[in-house]
Amino acid sequence: MVRKFDFLVIGSGIAGMSFALKVAHKGTVALICKAGLEEANTYFAQGGIASVTNLAVDNFDKHIEDTMIAGDWISDRAAVEKVVRNAPGQISELIKWGVNFDKKDNGEFDLHKEGGHSEFRILHHKDNTGAEIQESLIEAVKQHPNITVFTNFFAVEIITQHHLGIIVTRYTPGIKCYGAYVLNENTGEVDTFLSKVTIMATGGCEAVYRNTTNPLVATGDGIAMVYRAKGAVKDMEFIQFHPTALYHPGDRPCFLITEAMRGYGGVLRTMDGKEFMQKYDPRLSLAPRDIVARAIDNEMKQRGDEHVYLDVTHKDPEETKKHFPNIYKKCLSIGIDITKDYIPVAPAAHYLCGGIKVDLDGQSSIRRLYAIGECSCTGLHGGNRLASNSLIEAVVYADAAAKHALSVLERYDFNEDIPEWNDEGTISNEERVLITQSMKEVNQIMESYVGIVRSNTRLTRAWNRLDILYEETEKLFKSSKATRELCELRNMINVGYLITRQAMERKESRGLQTVMAHFNEYLNFLELSPLIKHFLQNGKKRLYKKGEFFCQASEVCHNIAYISQGGFRYFYLDTEEDKHIIGYSFEKDFVVDYESFTKQT
């Protein structure tokens, strides 16, 4: 069957639905949803959405600087400024669509503060902000006459010149997207969706890992489709592991314990009840999540523990229940009263900072194809996402893509020469075990070898194992009728390969990419570092200036490299004979309150 729409939106989270609502007054929109409308990453976002709203204490420059620091200065500053400066306007748009953010008695927004943010700027709806946004957008989408929702439809491939018999490579100029081949799971047939403009909004890929906070639909479908179509994909090595997923064996996906709980005053402890974040970062449990995830991972590995604890028992019980009702209810269902008991937590794959490379209008390297939301790489996140920046990125770029797409829509028409999907000679695959077992293997490979801390040996092993699975799965795909499970497996292998390859290509420890040898050096340095001794000396406050350098070397050194961690740069000798750290500097002005710090430690 051939279907025609002005706009083909693949994905139904905050990015996809926002775009659909912004363009539907100018044309017909098909919204492709591989499961139910609620089953999107957006729905599970607990923490909130970041925006400067309290101008009495906050401003755009602070939010921009926080984002750049969290991204380890890899972020594209133009993208950061675009998102931060356009955020308040998009918050107003969400409110217009029916989203209710929590407010204080005086009518002001009840703002949270999360790890890496210098001010309270997180708007939220209790502890289920994503669900509130998703449900509001669903209602708006359902009421719009120009938007047609296709549930249980799965996009198999985007359509380009390749499907007209033209050879397309990564060096082919002017690749164009004419729509997509989409599997109708109700009929088992692959329909042809032709469009003037196609939008990829398929979310992340964290289901390639065994432990993930994401719904299991997050199999990297859009990224894999664009990569196979020879589109540009960038920064896939930057996988963010949420440091505090609820540890409850057998749960998949893992239940997320929002970062807002650490901002609320939660304290991380080892299984014997001891605090440990003072060993890793002066911001303690409020350090950016990549530092916290590495710290937890290291404590678990050193001690042989399965998890650590998050403690909010010192907070007012009624206040805790009010702020985190869903977390309270979930934990109580497994016998944990968070007002009295520590919460067992462990890191889990949570967010992809890379993806389909796009410009400031959300355009990919393939013409007529936009990518927005988590599947895209806008440059905002750089090496690491700042907490609660993802939802606002989705709506800001949905707005930018919508404006650009509307401005060029009249230039495009449907390509009527596209052939329908050809599955002649294929058979229905009855052996589902081949698919389910391969999926488990992908999960095990990625969890074991491409996790929080990486090494060349582990990455090479992952590469070799994924290559075997790739050959087996491609052979199966070519001989079988398309099914959602088979296509998801194919996409997971493609994405796993991209994460592994780009991790191998990045030799430095930067952002979320941590090389084991560098991390071990960093830990050794922290044990003896005069920086920590500075924090513990007597005194009140000291301002360390950006770029101020403290050197431990007694002679001139050559072959210097550095590791960036939490606003500091640790400089070390990078020679075969010697790799010890010789000094450090600061990436921004940094105030140390010694009195406060010594009390906390």
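Treat the numbers as computed from the prediction; the structure is a model and nothing was measured. This chain uses plain numbering: 1 for the first residue, then up along the sequence.
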Side-chain heavy-atom pair [X], [Y] within 4.5 angstrom cut-off:
X      : Y      : value
His125 : Val99  : no
Tyr397 : Leu360 : yes
Glu508 : Gln513 : no
Trp97  : Leu137 : yes
Asp221 : Glu488 : yes
Pro253 : Asn214 : no
Thr169 : Thr172 : yes

Please tabulate, for side-chain N and O atoms in residues 5-27, each donor-acceptor pair with protein atoms closer than 3.5 Å (sequence neighbours left out).
{"unit_1": "Asp6", "atom_1": "OD1", "unit_2": "Lys196", "atom_2": "NZ", "d": "3.3"}
{"unit_1": "Asp6", "atom_1": "OD2", "unit_2": "Thr28", "atom_2": "N", "d": "2.9"}
{"unit_1": "Asp6", "atom_1": "OD2", "unit_2": "Thr28", "atom_2": "OG1", "d": "3.4"}
{"unit_1": "Ser18", "atom_1": "OG", "unit_2": "Ile14", "atom_2": "O", "d": "2.6"}
{"unit_1": "Lys22", "atom_1": "NZ", "unit_2": "Gln90", "atom_2": "OE1", "d": "3.0"}
{"unit_1": "Lys22", "atom_1": "NZ", "unit_2": "Asp399", "atom_2": "OD1", "d": "3.2"}
{"unit_1": "His25", "atom_1": "ND1", "unit_2": "Lys22", "atom_2": "O", "d": "3.4"}

**OP:** List the steps and the verdict of salt bridge (Lys or Arg N to Asp or Glu O under 4.0 Å) for Arg262 and Glu259.
**Re:** CA-CA 5 Å; Arg262 287 189 284 120; Glu259 193 155 22; 2.6 Å; yes
Please enumerate all residues that pass salt bridge (Lys or Arg N to Asp or Glu O under 4.0 Å) together with [X], with sequence neighbours excluded.
X      : value
Arg367 : none
Glu135 : none
Asp361 : none
Glu410 : none

Original post:
Would you find more than 12 non-hydrogen atoms of other residues, nucleotides or ligands less than 6.0 Å from Phe60 atom CZ?
Top reply: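 Yes, because the 6.0 Å sphere around CZ of Phe60 holds more than 12 heavy atoms from other groups.
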**OP:** Let me see the working for Asn389 and Val83 under side-chain contact (heavy atoms from CB on, under 4.5 Å), right down to the final yes or no.
**Re:** CA-CA 9 Å; Asn389 264 0; Val83 171; 5.7 Å; no
Do you know which two heavy atoms are closest between [X] and [Y], and how far apart they sit?
X      : Y      : result
Ala207 : Thr219 : CB-CG2, 4.1 Å
Ser51  : Leu123 : CB-CD1, 3.9 Å
Met277 : Val292 : CE-CG2, 4.0 Å
Ser75  : Thr67  : OG-O, 4.0 Å
Val453 : Arg458 : O-NH1, 3.0 Å
Ile452 : Pro347 : CD1-CB, 3.7 Å

Original post:
Are any side-chain N or O atoms of Arg510 and backbone N or O atoms of Asp72, one a donor and one an acceptor, separated by less than 3.5 Å?
Top reply: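 Looks like yes, one N/O pair under 3.5 Å.
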Subject >> Any donor-acceptor pair under 3.5 Å from Glu132 side chain to Phe101 backbone >> reply: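 Not at all, since once roles are kept as given, no pair shorter than 3.5 Å links the two residues.
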**OP:** Kindly determine whether Val80 and Leu380 satisfy side-chain contact (heavy atoms from CB on, under 4.5 Å), including the steps that lead there.
**Re:** CA-CA 5 Å; Val80 175; Leu380 172 71; 4.0 Å; yes
Results of side chain to side chain donor-acceptor pair (under 3.5 Å) for [X] - residues two or more places apart only:
X      : value
Thr198 : Ser195
Ser92  : none
Asp359 : Gln363

[X] [atom1] to [Y] [atom2] distance, which is reported to the nearest 0.5 Å:
X      : Y      : atom1 : atom2 : result
Asn456 : Met504 : CG    : CE    : 6.5 Å
Tyr449 : Thr460 : OH    : OG1   : 11.5 Å
Phe120 : Asp110 : CZ    : CG    : 10.0 Å
Trp463 : Tyr470 : CH2   : OH    : 12.0 Å
Glu119 : Asp58  : CD    : CG    : 5.0 Å
Leu268 : Ile296 : CG    : CD1   : 5.0 Å

Checking [Y] against [X]: is there a side-chain donor and acceptor pair closer than 3.5 Å?
X      : Y      : value
Thr160 : Lys230 : no
Thr129 : His124 : no
Ser118 : Asp66  : yes

Subject >> Qualifying salt bridge (Lys or Arg N to Asp or Glu O under 4.0 Å) pairs with a residue from residues 75-87, counting only residues at least two apart or across chains >> reply: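 Sorted pair list: Asp61-Arg85, Arg77-Glu81, Glu81-Arg85.
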**OP:** Can you tell me which residue pairs pass the ring pair (Phe, Tyr, Trp, His ring centres under 6.0 Å) test with a partner in residues 352-382, sequence neighbours excluded?
**Re:**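 Residue pairs passing ring pair (Phe, Tyr, Trp, His ring centres under 6.0 Å), neighbours aside: Tyr351-His381, Tyr370-His404.
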Using a 3.5 Å cut-off and no angle test, enumerate the donor-acceptor pairs between side-chain atoms of residues 231-242 and protein atoms at least two apart in sequence or in another chain.
{"unit_1": "Glu237", "atom_1": "OE2", "unit_2": "Arg506", "atom_2": "NE", "d": "2.5"}
{"unit_1": "Glu237", "atom_1": "OE2", "unit_2": "Arg506", "atom_2": "NH2", "d": "3.4"}
{"unit_1": "Gln240", "atom_1": "OE1", "unit_2": "Arg289", "atom_2": "NH1", "d": "2.9"}
{"unit_1": "Gln240", "atom_1": "OE1", "unit_2": "Arg385", "atom_2": "NE", "d": "3.2"}
{"unit_1": "Gln240", "atom_1": "OE1", "unit_2": "Arg385", "atom_2": "NH2", "d": "3.2"}
{"unit_1": "Gln240", "atom_1": "NE2", "unit_2": "Asn384", "atom_2": "OD1", "d": "2.7"}
{"unit_1": "Gln240", "atom_1": "NE2", "unit_2": "Arg385", "atom_2": "O", "d": "2.9"}
{"unit_1": "His242", "atom_1": "ND1", "unit_2": "Thr244", "atom_2": "N", "d": "3.1"}
{"unit_1": "His242", "atom_1": "ND1", "unit_2": "Thr244", "atom_2": "OG1", "d": "3.4"}

**OP:** Identify whether the distance between the nearest side-chain nitrogen and carboxylate oxygen of Glu93 and Lys96 falls below 4.0 Å.
**Re:**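 Yes.
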**OP:** Provide the full list of side-chain hydrogen bond (donor to acceptor under 3.5 Å, both in side chains) pairs with a residue in residues 201-212, sequence neighbours left out, each pair given once.
**Re:**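 Those involving residues 201-212 are Asn211-Glu447.
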**OP:** Could you walk me through whether Val29 and Val141 pass side-chain contact (heavy atoms from CB on, under 4.5 Å), step by step?
**Re:** CA-CA 10 Å; Val29 182; Val141 162; over 6 Å; no
Subject >> Residues Met446, Thr500; criterion side-chain contact (heavy atoms from CB on, under 4.5 Å); working and verdict >> reply: CA-CA 8 Å; Met446 298 302 292; Thr500 304; 4.2 Å; yes
